Amino acid sequence: MVGCYNRRATMKRILTGDRPTGPLHLGHYVGSVANRVQLQREYDTFIIIADIQALTTNFDRPERLRQDVLNVALDNLACGLDPARATLFVQSLVPAIAELTVIYSNFVTVQQLAHNPTIKTEAAQYNFGESMSYGFLGYPVSQTADITFCRAHLVPVGEDQLPHIEQARKIVRKFNATYSSVLVEPEARVSTVPRLVGLDGSTKMSKSLGNAIYLSDSADEIKRKVSSALTDPARIHPTDKGHPEVCVVYAYHRVFNADAVSDIAERCRAGTIGCVACKQLLIAALDRFLSPIRERRAELASRPDTVWDILETGTRRARAEGEQTMALVRQAMKLEYPSAARPGGPTR
Ligand code: ATP
Ligand code: MG
């Protein structure tokens, strides 16, 4: 363990994570989690469970948060995140993130946020119309605080997050140019599958769109979901010639059944495999992929106290990192006052 901490001191850092708005799905796995698991050996990895960001769309359902925080932690651990290497923590318990969010709000214009393409897409999905909250509009600013509070270099994310990383880089550059170079300018790392399509054929599999296969889904749920997935609408009979490139099932074969995918595509184009048979092959492939994750998850879920302990340890480390960053930021911004040093004054 000591060796592990020594190594951390010389490593570059990763910050990435998820909103606790439900369990994680296949899109998370291929878009970000697989990269996290692989990179945790080379990078000092921080995984944020972004409960404050979840509130930007779920503030009126606080009773779900606790279980969803646990779900997201369980999913990450079941996929192979190792608490001896990675620091899993809860966003709302790290005060530096809230402090930096307020400070950074001066470095971004309302126009920039309103023109952010991901904000626009999501606002349309949630039907915000004229009623978008200040918190939702500003979540890329809070995300900049998530990334910079621990001075992360790399952010493994899905494609939808790229405008937010670009925004974060702009804020960091402006801060460093205005005061002094205390913040680290982060870089995004997108995976080989930057955007996994949803079961309904909409562009992105998403927790909030109800079009996801969850890492924790049972074999029966997978069967039901794949059976209802959108296929080539031009194909009526199993012998019709298909167009795999427009088929959701084919998109999943490409990622989760790579060994068989070219054969499946050929048979689909020739009309020698029907959609039902093709879906059965996918169900089997997904089951092979998800079974070990499901087993590890069930084992961990039977010991929730262990998971809360992991989060507590990770959060303690994240808070300490946040305090160090805030000391640098306060010094750079001259937010330092004599009263802080007097007995009985602020303890910061
Ligand atoms: P919500 O709908 O509640 O926003 P989400 O499914 O978009 O949930 P997030 O927690 O917002 O999930 O995203 C966590 C990480 O997973 C981000 O890096 C995001 O880019 C990535 N991700 C989410 N969905 C996909 C997807 N379908 N394909 C690739 N990456 C994804
Ligand atoms: Mg999202």
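Here the structure is a predicted model, which is why all the values come from computation and not from measurement. Here, residue 1 is the first one in the sequence, and each next residue gets the next number. In each ligand, atom 1 is the first atom listed, and ligand 1 is the first ligand listed.
Ligand 1 is never approached by Ala54 to a heavy-atom distance shorter than 4.0 Å.
Here the protein heavy atom with the shortest distance to atom 18 (O) of ligand 1 is Gly158 N, 3.2 Å. The nearest heavy-atom contact from the protein to atom 20 (O) of ligand 1 is Asp160 OD1, 2.5 Å. Ranking protein heavy atoms by distance to atom 2 (O) of ligand 1, first place goes to Ser206 OG, 2.6 Å. Protein heavy atom nearest atom 8 (O) of ligand 1, with residue, atom name and distance: Lys207 NZ, 3.1 Å. Nearest non-hydrogen protein atom to atom 16 (O) of ligand 1 is His28 CD2, 3.1 Å. Scanning the protein heavy atoms around atom 5 (P) of ligand 1, the nearest turns out to be Lys204 NZ, 3.6 Å.
The same ILVMFWY cluster, assembled from side-chain heavy atoms under 4.5 Å apart, contains both Phe256 and Leu199.
In this structure, Arg297 contributes its side chain and Ser216 its backbone to no donor-acceptor pair below 3.5 Å.
Donor-acceptor pairing under 3.5 Å is recorded for the side chains of Glu221 and Ser218. There is no side-chain donor-acceptor pair under 3.5 Å between His153 and Tyr43.
Atoms of ligand 1 found under 4.0 Å from any heavy atom of Asp18, numbered from 1 in the order shown, are 10 (O), 14 (C), 15 (C).
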